[in-house]
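Naming: A, B, ... by sequence-line order, numbering from 1 per chain. For clarity, every value in this text was computed on a predicted model and none was experimentally measured. What you see below is based on every heavy atom in this structure, not just the backbone, and it leaves out hydrogens, waters and symmetry mates.
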2 protein chains.
Amino acid sequence: MARSAVKRQVNRLPPERRISDIMKAARDVFTEKGYSEALITDIAVRAGVVEGSIYRFFANKRELLVKVVELWFEELLIQDAEQFAGIRGVWNQIRFIVHTHLLSIRRDPALSRLMFQEIRPTPDYRGSRLFKLNQAYTHRLIDVVKAAIANGELRSDTSPSLVRDMVFGAIEHRTWAFLRNEGDFDPDQIADQITNMVYRGLATDRKGAVTFDTLFTRLDAATQRLEAITEPQTKKRARKTA
Amino acid sequence: MARSAVKRQVNRLPPERRISDIMKAARDVFTEKGYSEALITDIAVRAGVVEGSIYRFFANKRELLVKVVELWFEELLIQDAEQFAGIRGVWNQIRFIVHTHLLSIRRDPALSRLMFQEIRPTPDYRGSRLFKLNQAYTHRLIDVVKAAIANGELRSDTSPSLVRDMVFGAIEHRTWAFLRNEGDFDPDQIADQITNMVYRGLATDRKGAVTFDTLFTRLDAATQRLEAITEPQTKKRARKTA
DNA sequence: GAGCGATGATGAATGATGTTTATTAGTGGC
DNA sequence: GCCACTAATAAACATCATTCATCATCGCTC
């Protein structure tokens with residue numbers, strides 16, 4: 001028939017190459033348009049394949065999304081783990097975790113959005129690979145806090161998992177503001193702020209907005225004055241009794 | 001024809017009643033199935049109207065969702081504001097804000113999910129009514145923190161907006177865990193934990209897990225000893241000079 | 001209370017998209 | 001050079017959100 005007169009062009013790249021082409025295209029389209037606005041057609045065209053071909057490698061649109069985010073997250077996790085090993089000190093470790101996370105969000109804000117918006121809310125997230133990856137990621141902070149509690153550097157009545165929730169929650173809220181184009185998003189500054197707030201805490205006495213540092217300073221001063229006073233006194237007494 | 005033999009039944013309830021029926025049905029279906037799984041047909045059937053009727057009152061499916069969440073959020077805001085006025089003391093105020101928010105999440109977890117998942121991520125959220133309502137809601141915490149900084153009860157180097165992000169971020173993370181059926185969700189306990197962590201902070205000295213309280217106690221002790229020592233001394237001197 | 005226009009409810013038709021499948025191009029063994 | 005098998009293709013299909021031509025109902029007029 002007329003049909004067979006038009007020869008069908010067939011793309012015969014090796015499967016790994018086709019898969020990576022599709023995933024790269026999917027990553028681009030998903031991040032540019034978001035999940036529901038992204039069309040399978042868009043992805044197929046950009047990958048240089050035909051719609052049907054995508055379904056040879058991915059069960060459906062959602063699986064494709066999950067695979068894309070997974071790949072991103074894995075890279076992020078491996079990359080951070082290497083550097084993290086070298087950090088010493090609780091403050092520095094907390095700050096490192098927060099800072100690197102903020103950096104990767106700034107590098108790929110749209111992927112974070114996909115993670116928060118499309119992946120986490122689904123019912124099957126809990127059993128998924130991404131859930132475990134994310135747990136591994138956030139658990140580093142819990143380990144740091146636990147160790148710091150054990151050696152007395154952080155209060156023993158703090159819940160490590162709550163610290164995790166506060167820190168990553170704060171990061172997330174800043175991220176949403178960033179995604180909404182509200183003001184700037186400075187990973188250095190935000191990391192400092194979050195780390196300080198977790199590390200030093202907020203409370204003061206009623207009088208004058210003191211910090212832990214100033215409390216320690218006052219205590220030191222008082223101790224020194226005590227020593228300075230008690231010393232001469234004992235000398236005086238010694239003289240008197242002498 | 002055969003068609004006209006079947007008389008069309010027409011629903012002639014007053015518009016307000018139809019709107020509230022539709023919104024109630026929409027609320028049920030959205031919370032049960034989530035936004036994308038919820039079908040307009042489902043909502044129409046449950047509301048006892050026909051698909052087309054929904055579009056007389058709502059521009060599209062999304063607007064219906066927004067209106068549903070808006071209604072919920074408004075009620076929540078009004079209700080809380082009344083009680084809040086009576087609370088005295090920073091700790092109690094923070095704890096109240098956190099606690100009531102947790103209670104309303106436990107009452108309607110699925111609506112919180114819709115808010116976080118479907119509403120907040122959209123580009124038009126920033127200019128929306130819900131955005132303003134949410135700002136009003138979270139701004140109470142900022143006001144409390146600002147006032148507390150002004151009167152010296154909280155450190156002056158804390159960022160009120162960061163406190164907001166940490167508190168609501170922590171609430172949100174606990175909510176996700178709750179929605180995933182991970183363990184229990186006890187508003188009283190969580191509210192205490194969050195409030196304490198914000199209010200008292202985490203840091204200690206290197207030696208022995210001291211808290212702000214113990215630091216104050218030590219400082220008080222040192223001050224008293226100082227006074228106890230310097231007082232007799234001045235008396236002695238006074239006597240001497242006399 | 002019959003006729004008539006306006007209003008708005010109806011549900012079948014439309015269009016946009018994810019997914020499936022019958023068809024056909026390419027590949028390698030014999 | 002034929003055949004069987006694999007895999008790519010693109011058209012067909014299914015699933016909704018959304019639209020719209022049709023018609024029931026109401027209020028008004030005479």
Side-chain angles (χ1 to χ4, degrees), chain A residues 1-23 25-27 29-30 32-68 114 118-119 122 124, chain B residues 1-23 25-27 29-30 32-68 114 118-119 122 124:
Chain A
M1 336 270 157
R3 178 76 63 74
S4 56
V6 182
K7 269 242 176 160
R8 270 208 293 209
Q9 277 289 61
V10 171
N11 181 347
R12 280 275 173 183
L13 287 172
E16 318 82 49
R17 178 66 195 287
R18 307 191 92 216
I19 291 175
S20 79
D21 282 357
I22 291 171
M23 283 186 70
R27 180 184 164 129
V29 178
F30 281 141
E32 279 168 23
K33 302 191 165 193
Y35 179 71
S36 48
E37 304 298 311
L39 305 186
I40 288 289
T41 309
D42 296 340
I43 297 170
V45 168
R46 182 149 350 182
V49 301
V50 94
E51 278 116 314
S53 296
I54 292 176
Y55 288 88
R56 285 201 54 74
F57 304 110
F58 304 94
N60 49 42
K61 192 183 173 185
R62 173 153 291 278
E63 186 184 302
L64 181 53
L65 171 80
V66 169
K67 286 281 161 58
V68 164
L114 289 173
E118 303 293 346
I119 309 273
T122 56
D124 45 328
Chain B
M1 337 268 161
R3 179 76 59 76
S4 55
V6 181
K7 269 241 176 163
R8 267 208 294 210
Q9 277 290 61
V10 171
N11 181 347
R12 282 277 172 185
L13 288 171
E16 318 81 49
R17 177 66 196 287
R18 306 190 93 215
I19 290 176
S20 78
D21 282 355
I22 291 171
M23 284 187 69
R27 180 183 162 129
V29 177
F30 282 141
E32 280 168 23
K33 301 191 167 195
Y35 179 71
S36 49
E37 304 298 312
L39 305 186
I40 291 289
T41 309
D42 295 342
I43 298 169
V45 168
R46 181 146 355 177
V49 302
V50 95
E51 279 114 314
S53 297
I54 291 177
Y55 289 86
R56 286 202 55 73
F57 304 110
F58 303 94
N60 49 41
K61 191 182 171 185
R62 173 152 293 278
E63 185 183 303
L64 180 53
L65 171 80
V66 170
K67 287 279 163 59
V68 164
L114 289 174
E118 303 293 346
I119 309 274
T122 57
D124 46 325

## Note on the structure
Sorted by chain and residue number, the side-chain hydrogen bond (donor to acceptor under 3.5 Å, both in side chains) partners of A:Arg18 (sequence neighbours excluded) come out as none
### Message
Could you tell me how far apart B:Glu63 (CD) and D:dT18 (P) are, to the nearest whole angstrom?
### Response
11 Å
### Summary
B:Ile22 CD1 to D:dT18 C1', in whole Å, measures 15 Å
### Message
Once rounded to the nearest 0.5 Å, what's the spacing between atom CD1 of B:Ile119 and atom CG of B:Asp124?
### Response
9.0 Å
### Message
Could you work out, with ring pair (Phe, Tyr, Trp, His ring centres under 6.0 Å) as the rule, every residue matching B:Phe58, not counting sequence neighbours?
### Response
none
#### Entry: Distance, rounded to the nearest Å, where B:Phe57 contributes CZ and D:dT18 contributes P
17 Å
#### Entry: CG-CE distance between B:Leu65 and B:Met23, expressed to the nearest 0.5 angstrom
10.0 Å
### Message
Angle between the end axes of the helix from C:dG1-D:dC30 to C:dC30-D:dG1, five pairs per end, to the nearest 10 degrees?
### Response
20°
### Summary
Residue set satisfying side-chain hydrogen bond (donor to acceptor under 3.5 Å, both in side chains) with A:Ser20, at least two apart, ordered chain then number -> none
With 3.5 Å as the limit, what N/O pairs link the protein to nucleotides 2-4 of chain C?
none

### Listed partners of B:Lys61 passing salt bridge (Lys or Arg N to Asp or Glu O under 4.0 Å), at least two apart
none
### Message
In this structure, how many angstroms lie between the P atom of D:dC16 and the CD1 atom of B:Ile43, rounded?
### Response
13 Å
### Task
Using a cut-off of strictly less than 4.0 Å, decide whether A:Arg18 has a side-chain nitrogen or oxygen near OP1 or OP2 of D:dA8.
yes
### Message
How would you summarise protein contacts on nucleotides 14-20 of chain C per nucleotide, using B for base, S for sugar-phosphate only and - for none, with heavy-atom distances below 4.0 Å?
### Response
---SSBB
### Reported NZ-to-CG distance for the pair A:Lys33 and A:Leu39, which is rounded to 0.5 angstrom
5.5 Å
#### Entry: Partner of A:Arg27 under side chain to side chain contact (heavy atoms under 4.5 Å, CB included), chosen from A:Ile43, A:Val68, A:Leu114
A:Val68
### Message
Can you list everything that forms a salt bridge (Lys or Arg N to Asp or Glu O under 4.0 Å) with B:Arg62? Sequence neighbours excluded, please.
### Response
B:Glu118
### Message
Tell me whether the side-chain N/O atoms of B:Ser53 come closer than 4.0 Å to OP1 or OP2 in C:dA9.
### Response
no
### Gap separating the CG atom of B:Leu64 from the CD1 atom of B:Ile54, nearest 0.5 angstrom
6.5 Å
Give each protein N/O atom lying under 3.5 Å from an N/O atom of nucleotides 5-7 of chain C, with the pair distance.
none

### Message
Please find the pair of heavy atoms, one from A:Ile22 and one from A:Ala47, that lie closest to each other, and give the distance.
### Response
CA-CB, 3.8 Å
### Message
How many whole angstroms separate atom CD1 of B:Ile54 from atom C1' of C:dG11?
### Response
13 Å
### Task
Just call it for B:Val10: base, sugar-phosphate, or nothing, with non-hydrogen atoms closer than 4.0 Å on any strand.
sugar-phosphate
### Message
Test side-chain contact (heavy atoms from CB on, under 4.5 Å) on B:Val49 and B:Asp21; report intermediate values, then the result.
### Response
CA-CA 9 Å; B:Val49 302; B:Asp21 282 355; 5.8 Å; no
### Task
Just jot down the salt bridge (Lys or Arg N to Asp or Glu O under 4.0 Å) partners of B:Glu51, sequence neighbours excluded, or say none.
none
